[in-house]
Amino acid sequence: MHRWSELFIPTLREAPADAEVASHKFLVRSGYIRQLMAGVYSFLFLGNRSFRKIETIVREEMDKIGQEFFLPALHPLSLWEASSRWPLMGDNLFRLKDRKGTDLALGMTEEEVMTDIARKELRSYKQLPQIWYQIAPKFRDEPRPRSGLLRVRQFMMKDSYSFDIDGAGLEVSYRKHYDAYCRIFDRCGLKYMVVDADSGAMGGKESHEFMVRTPAGEDQIVSCDGCNYAANMEKAASKLEVVEDLWPEGDGKPLEVHTPGQKTIEDVAKFLGVSPKNKIKTLALMADEKNAKTGKTKSRAIVVLMRGDHQLNEAKLNAAVAVATRPMEEPEIEALFNSPAGYLGPVGIGWAKDLKQDVDHPVLLVDKALEGRTNLIAGANKKDYHLKNLTPGKDFQPTMYADLRSVTAGEACPNCGKALRIDTAVEIGHIFKLGYRYSESMGARVLDKNGKEVMPIMGCYGIGIERILTAAIEQSNDNDGFWLPASIAPFEIVVTPTNVKDETVFNAALDVARNLESAGFDVILDDRDERPGVKFKDADLVGIPFRVTVGKKVTEGTVEVVLRSTREMRDVTITAVVNYFQGALRAKA
RNA sequence: CGGGGCGUAGCGCAGCCUGGUAGCGCACCUGCCUUGGGCGCAGGGGGUCGUAGGUUCAAAUCCUAUCGCCCCGACCA
């Protein structure tokens with residue numbers, strides 16, 4: 001029996017000043033965690049209890065589809081240098097040296113180690129499929145840890161890796177994970193959604209993210225209440241309404257118009273009496289690429305054209321050009337356009353014909369929303385002038401068209417046409433179809449039925465354990481604290497005698513707690529010699545979903561059961577308490 | 001890495017501008033009191049003022065450097 005008076009549960013009346021989001025404030029106030037340094041936290045008693053319960057759920061569900069391993073956090077740096085991902089991970093990888101001076105790294109993900117095992121051990125299609133997983137610490141030297149446990153430098157991740165003989169097999173492994181993840185998050189009591197995602201630095205094709213909507217999150221997700229469409233911003237699309245193009249003016253050729261002092265899209269549109277939808281927004285960017293051999297940095301201009309009222313999505317841009325970009329500086333703008341900012345446009349510049357082949361010319365990327373449009377208006381590359389009658393493909397030649405636009409809330413769902421919504425969310429899980437990337441680069445091969453050497457196809461799958469706890473708190477809190485689903489709460493029930501010096505009351509509380517415990521419930525008895533208010537406040541704070549208050553009514557044989565989430569309160573006879581919780585807690589589990 | 005903010009007792013803060021005794025609330029300890037929502041009274045313990053250097057008779061306070069933490073951005077399976 002856990003007695004509060006004997007435990008270390010350092011609750012605080014006030015949150016630390018540097019905590020901003022609810023989960024961070026409450027995790028500290030409730031004595032779950034304490035900070036050691038930026039992005040690194042210690043878990044105390046209550047926090048660890050909740051953490052272990054989450055891990056147990058993850059482990060139980062993963063054991064149904066795979067096998068648990070335990071891989072080292074300490075890696076030889078050479079493993080990472082061998083990987084083609086090394087440049088991508090960069091400074092996020094923690095590095096250190098051993099006494100002999102050998103370079104080591106702390107593991108931030110384990111594709112390389114898992115694939116290393118696979119290439120050494122897997123020989124035959126008969127050994128496939130395999131799903132290997134672990135629940136282990138990961139280390140990432142984040143440039144900016146934040147929001148308590150939301151983005152940290154050391155965290156616990158369930159990561160798994162599948163090896164299959166072919167795409168159909170991968171499909172099965174992927175689906176198994178998808179289903180297992182749903183079971184895990186369901187059991188953890190999270191309201192989550194699954195979104196189409198970009199595979200980013202992981203490589204590979206298909207990918208889904210498991211997201212929980214909360215303003216504390218760092219990701220933007222687009223979803224539709226009318227159907228099940230959901231995607232993250234990097235991937236989201238929408239149906240655009242048809243825009244009426246302008247009529248050509250004059251002979252239909254590019255026509256210079258005087259627009260003195262009119263620099264912004266809004267200004268120019270108003271000045272010329274047209275909609276921003278008929279304007280071209282010209283974004284001047286630079287990509288700095290370091291040559292691996294010479295170490296020299298070469299810059300290449302990347303100019304992006306968007307519809308006047310549209311916003312560039314940088315993730316889509318990155319995906320399109322595969323390099324990082326930055327805004328051009330004033331001299332660079334002058335050098336390329338021969339014009340001050342505010343009057344930039346695509347006409348009169350020799351654009352690259354191909355992104356990869358034609359590296360000596362600047363790149364002109366045009367958003368798909370402008371494809372097929374006519375008689376648009378853009379800057380004339382001349383101070384105080386714009387050009388009318390511009391038609392892409394005719395008056396200027398794009399290097400390529402690409403989807404570069406950020407979806408905005410209210411646009412039409414690509415599936416059903418209803419208005420899309422955009423929410424911030426936190427990512428709790430992510431699954432990827434990796435394909436052959438690691439099998440190929442690291443040389444994993446097995447023999448197929450015909451004795452032919454083939455590469456196993458891989459998938460990788462991750463769940464952030466801290467984030468399950470964080471998301472659960474973010475979705476269930478009020479001014480006084482938070483409440484966790486019973487499955488992941490440090491205790492299911494707190495038994496609170498209002499006065500421990502009153503023997504009748506205290507003994508009744510002890511009995512109730514013992515009975516609940518022997519019936520299999522996870523109970524803590526708040527036997528502290530404190531005033532009831534203090535104990536109620538603490539009980540409200542620390543995330544326990546049920547409270548049994550044992551007070552004066554014991555003389556009538558009843559106690560109160562309080563549901564933390566709604567504060568709904570009901571009298572239950574002492575003899576019926578166990579029975580009550582068997583209904584309330586075990587029935588749905 | 002760019003921009004901003006903050007480091008004074010476990011937590012929240014004042015004091016700094018205008019240099020001279022380090023202070024408040026909560027928490028903690030002792031006693032009394034109280035016992036259904038952080039109760040009351042009395043007494044008490046605890047701080048190299050992030051660190052280093054400088055200016056000064058004298059530095060929490062002024063100057064310089066540095067470290068740390070937080071927020072916005074960049075970045076981020």
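All chains are named by letter (A, B, ...) in the order of the sequence lines, taking the proteins before the strands, and each is independently numbered beginning at 1.
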J.: Please report the distance separating the P of B:C28 from the corresponding atom of B:G38, rounded so that it comes out in whole Å.
T.: 15 Å
J.: Give none if B:A9 has no partner; otherwise give the nucleotide forming a Watson-Crick or G-U wobble pair with it, both distances under 3.5 Å.
T.: none
J.: What integer distance in Å separates A:L93:CG from B:C76:P?
T.: 15 Å
J.: A:M108 has an atom CE; how far is it from atom P of B:C75, in whole Å?
T.: 16 Å
J.: Does this structure show an ion pair linking A:D196 with A:K235, if we count only N-O contacts that are shorter than 4.0 Å?
T.: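 Looking at A:K235 together with A:D196, the answer is no, because their closest N to O distance does not fall below 4.0 Å.
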J.: OP1 or OP2 of B:C71 less than 4.0 angstrom from a side-chain nitrogen or oxygen of A:R146, does that happen here?
T.: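 False: A:R146 side-chain N/O out of range (4.0 Å or more) of B:C71 OP1/OP2.
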J.: Expressed as a whole number of Å, how far does the C1' atom of B:G12 sit from that of B:G47?
T.: 16 Å
J.: Output the rounded distance in Å from CG (A:N313) to P (B:A74).
T.: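 Roughly 12 Å, once rounded to whole Å.
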J.: Expressed as a whole number of Å, how far does the P atom of B:G50 sit from that of B:G7?
T.: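 Taking atom P in both B:G50 and B:G7, they lie 8 Å apart.
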J.: Is there a side-chain contact between A:R144 and the phosphate of B:C76, meaning an N or O under 4.0 Å from OP1 or OP2?
T.: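 Answer no for this pair, as no side-chain N or O of A:R144 is under 4.0 Å from OP1 or OP2.
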J.: Apply ring-ring contact (aromatic ring centres under 6.0 Å, His included) to residues A:F8 and A:F45 and explain how you reach the verdict.
T.: CA-CA 7 Å; A:F8 182 61; A:F45 176 68; 9.5 Å; no
J.: At under 4.0 Å between heavy atoms, what does A:M37 touch on the DNA or RNA strands: base, sugar-phosphate, or nothing?
T.: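 Sugar-phosphate, no base atom in range.
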J.: Can you tell me the distance, in whole Å, between the CD1 atom of A:I9 and the C1' atom of B:C28?
T.: 18 Å
J.: How many whole angstroms separate atom CE of A:M211 from atom P of B:C76?
T.: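 Between P of B:C76 and CE of A:M211: 16 Å.
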J.: Only pairs with both distances under 3.5 Å count, Watson-Crick or wobble alike; so what is the partner of B:C62 in this structure?
T.: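 Paired with B:G54.
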J.: Would the distance check show the side chain of A:R34 and the main-chain N or O of A:V28 forming a donor-acceptor pair, the cut-off being under 3.5 Å?
T.: yes
J.: Nearest whole Å is fine: how far is B:G73 C1' from A:E218 CD?
T.: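 From A:E218 CD to B:G73 C1': 13 Å.
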J.: So, OP1 or OP2 of B:C70: does either fall under 4.0 Å of a side-chain N or O from A:Q35?
T.: yes
J.: Please give the distance between the P atoms of B:G45 and B:C57 as a whole number of Å.
T.: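 Their P atoms lie roughly 36 Å apart.
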J.: Do side-chain atoms of A:Q134 reach the backbone of A:L71 as a donor and acceptor pair under 3.5 angstrom?
T.: yes
J.: Tell which nucleotide pairs with B:G38, taking only Watson-Crick or G-U wobble pairs whose two distances are both under 3.5 angstrom.
T.: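 Because no pair has both required distances under 3.5 Å, B:G38 counts as unpaired.
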J.: Distance check, C1' atoms only: B:C49 and B:C13, in whole angstrom units.
T.: 14 Å
J.: Students often get this wrong, so: under 4.0 angstrom with heavy atoms, is A:E14 touching a base, only sugar-phosphate, or nothing?
T.: base
J.: Would you classify A:P145 as touching base, sugar-phosphate or nothing, given that sugar-phosphate means primed atoms plus P, OP1 and OP2, and contacts are heavy atoms under 4.0 Å?
T.: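 Sugar-phosphate contact only.
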J.: Ignoring hydrogens and angles, does a donor from either the side chain of A:R140 or the base of B:C76 sit under 3.5 Å from an acceptor on the other?
T.: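 Such a pair does not exist between side chain and base.
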J.: Which base, if any, makes a Watson-Crick or G-U wobble pair with B:U48, both distances under 3.5 Å?
T.: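 Checking every strand shown, B:U48 finds no partner, since no pair has both distances under 3.5 Å.
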J.: For B:G19, what is the paired nucleotide under Watson-Crick or G-U wobble rules, both distances under 3.5 Å?
T.: none
J.: Answer with base, sugar-phosphate or nothing: what part of the nucleic acid does A:A15 contact at a heavy-atom distance below 4.0 Å?
T.: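 Sugar-phosphate contact only.
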J.: In whole Å, what is the span from the CZ atom of A:R151 to the C1' atom of B:C70?
T.: 16 Å
J.: Take A:K138 and A:E20, find for each the nucleotide of RNA chain B with the closest heavy atom, and name the residue whose nucleotide sits nearer the 5' end.
T.: A:E20
J.: With rounding to the closest Å, how many angstrom separate the C1' atoms on B:A60 and B:C76?
T.: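 Rounded to whole Å, the distance is 39 Å.
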J.: Which is more 5' along RNA chain B, the nucleotide nearest A:E142 or the one nearest A:G39? Just name the residue.
T.: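 Here A:G39 is the residue nearer the 5' end.
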J.: Looking for any heavy atom pair under 4.0 Å, which part of the strands does A:T496 touch: base, sugar-phosphate only, or nothing?
T.: nothing
J.: Without decimals, in angstroms, what is the distance between A:L150 CG and B:C70 P?
T.: 13 Å
J.: Could you check whether any side-chain N or O of A:N48 sits under 3.5 Å from a backbone N or O of A:L44, counting only pairs where one atom can act as donor and the other as acceptor?
T.: no
J.: Using modelled atom types only, decide if a donor and an acceptor are shared between the side chain of A:D423 and the backbone of A:A425 within a distance under 3.5 Å.
T.: no
J.: Generate the contact string for nucleotides 31-43 of chain B. Rules: B means base contact, S means sugar-phosphate contact only, - means no protein heavy atom under 4.0 Å.
T.: ---BBBBBB----
J.: Say you pick atom P in B:A74 and the same atom in B:U18; how far apart are they, in whole Å?
T.: 39 Å
J.: Please answer whether the main-chain N or O of A:P497 pairs with a side-chain N or O of A:K535 as donor and acceptor at a distance below 3.5 Å.
T.: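 Such a contact is found between A:K535 side chain and A:P497 backbone.
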J.: Starting from the C-alpha separation in whole Å, work towards a yes-or-no answer on side chain to side chain donor-acceptor pair (under 3.5 Å) for A:H310 and A:S406.
T.: CA-CA 7 Å; A:H310 285 164; A:S406 276; over 6 Å; no
J.: For A:P16, which contact category applies under a 4.0 Å heavy-atom criterion: base, sugar-phosphate, or nothing?
T.: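 Touches sugar-phosphate only.
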J.: Taking atom P in both B:G10 and B:G53, what distance in whole Å separates the two?
T.: 24 Å
J.: Starting from the C-alpha separation in whole Å, work towards a yes-or-no answer on salt bridge (charged side-chain N to carboxylate O under 4.0 Å, His left out) for A:K25 and A:E20.
T.: CA-CA 7 Å; A:K25 286 180 185 167; A:E20 298 263 322; over 6 Å; no
J.: Is the backbone of A:M458 close enough, under 3.5 Å, to the side chain of A:Y436 for a donor and an acceptor to pair up by distance?
T.: no
